[in-house]
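Hydrogens, waters and symmetry mates play no part in the numbers below; they use all other heavy atoms, side chains included.
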Amino acid sequence: MRAHVTRALLHAGEVIRPRKDLLAGFHRHQQEDAHEFLMFTLNGMQQGCLSASQPSGHASEDTSVVRQIFGGTWRSRIQCLHCLGVSDTFDPHLDVSLDITAAQSVEQALRELVKPEKLEAENAYDCGVCLRKVPATKRLTLHSTSQVLVLVLKRFTQLSGAKRAQEVRYPQRLDVQPYTSEGKAGPLGYVLYAVLVHSGWSCERGHYFCYVRAGNGQWYKMDDAKVTACDETAALSQSAYVLFYAREGAWEGGAGGGAAAPSGLTPQTPGSLQEMPAAELLGRRRPRGTQRPKG
């Protein structure tokens with residue numbers, strides 16, 4: 001993965017065929033999902049950070065540079081309504097998928113995602129303290145947050161692959177504190193720095209391009225080999241598919257909160273992976289996979 005991205009940076013504007021070991025599961029002449037390609041890329045980068053002798057799933061995986069930048073943790077809490085006991089489950093994530101079926105904004109979709117769910121009747125909770133099935137509540141929250149927050153808007157239906165083309169508003173600055181396990185603490189702000197867009201009516205065909213904010217605050221539209229400057233209004237008025245937010249205060253340097261090295265991470269040499277925003281890589285090159293976008 002490092003070798004491929006380095007070649008792409010050194011030969012800007014040229015078409016570069018990826019190495020064979022990066023093409024597993026991807027096929028020519030087929031439409032693929034940019035989100036699937038993003039996760040494939042992040043997983044490839046993560047594996048490259050791990051020692052060949054360290055099996056996947058060990059502690060080193062949680063401390064890789066990819067996990068430090070993109071990794072967060074979900075907390076799923078079930079509370080018994082009889083004894084009021086709680087049971088917590090924690091799961092790592094690299095992105096957050098949002099159901100936009102009835103959402104008019106990203107904030108509304110996030111509120112729906114963390115809204116408590118009642119477990120009763122057939123879905124009653126088998127409480128280990130009460131030793132029987134009882135009513136309970138279940139709630140999903142962000143327990144630990146990432147340096148870069150990747151929000152995936154579910155624009156494609158699972159069965160037909162048809163696209164949900166409705167407008168979903170997204171802010172330049174997003175406070176995620178209300179959606180965390182400590183929802184009443186102070187603000188936890190994130191600033192938008194990239195927007196990935198799908199142009200087309202279904203997952204079967206279409207085109208991907210993106211908007212990326214540079215370190216000086218200037219926005220650019222990246223459409224294959226064509227890169228043009230644009231204003232923030234254009235970047236905020238798209239039918240977004242994937243949104244990239246950087247946590248406020250998490251970046252060193254970069255006027256306007258642009259893409260600089262994350263705090264606490266060792267800066268890389270010019271042309272390294274760390275200088276290539278994930279959204280820019282997605283917007284420049286079309287993925288070559290076989291699976292449809294996930295609903």
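Ring-plane geometry between H198 and Y241 is classed as perpendicular, the angle between the planes exceeding 60 degrees on a 0 to 90 degree scale with a lower cut at 30. Classification of the Y211-F209 ring pair by plane angle, with boundaries at 30° and 60°, yields perpendicular.
Tracing side-chain contacts under 4.5 Å through hydrophobic residues (I, L, V, M, F, W, Y), one reaches V114 starting from L149; they form part of the same cluster. In terms of hydrophobic clustering, with Ile, Leu, Val, Met, Phe, Trp and Tyr side chains grouped at heavy-atom distances under 4.5 Å, L140 and L119 are assigned to different clusters. In the hydrophobic clustering of ILVMFWY residues, with side-chain heavy atoms under 4.5 Å counting as a link, I78 and L142 come out apart.
No donor-acceptor distance shorter than 3.5 angstrom exists from the side chain of Q218 to the backbone of A214, with no hydrogens or angles considered. Checking side-chain atoms of S144 against main-chain N and O of T73 turns up a donor-acceptor pair under 3.5 Å.
Ion pairing between R77 and D88 holds under the 4.0 Å rule for side-chain N and carboxylate O. Between E248 and R173 there is a salt bridge, since a side-chain N of the basic residue sits under 4.0 Å from a carboxylate O of the acidic one.
The line from CG of L110 to CG of D99 is 11.5 Å long, rounded to the nearest 0.5 Å. Between C210 atom SG and K221 atom NZ the span is 10.5 Å, to the nearest 0.5 Å.
Under the 3.5 Å distance criterion, with hydrogens and angles disregarded, a donor-acceptor pair is assigned to the side chains of H207 and D223. Checking T180 against T141 by side-chain atom types alone, no donor-acceptor pair falls below 3.5 Å.
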Problem - side chain to side chain donor-acceptor pair (under 3.5 Å) assessment of S146 paired with R247 - result: CA-CA 8 Å; S146 54; R247 185 191 293 178; over 6 Å; no
Practice task
Test D231 against W219 for side chain to side chain contact (heavy atoms under 4.5 Å, CB included), laying out the working first.
Solution key: CA-CA 6 Å; D231 58 22; W219 281 91; over 6 Å; no
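At least one test fails for K138 against the ring of Y125: distance under 6.0 Å to the centre or angle within 45° of the axis.
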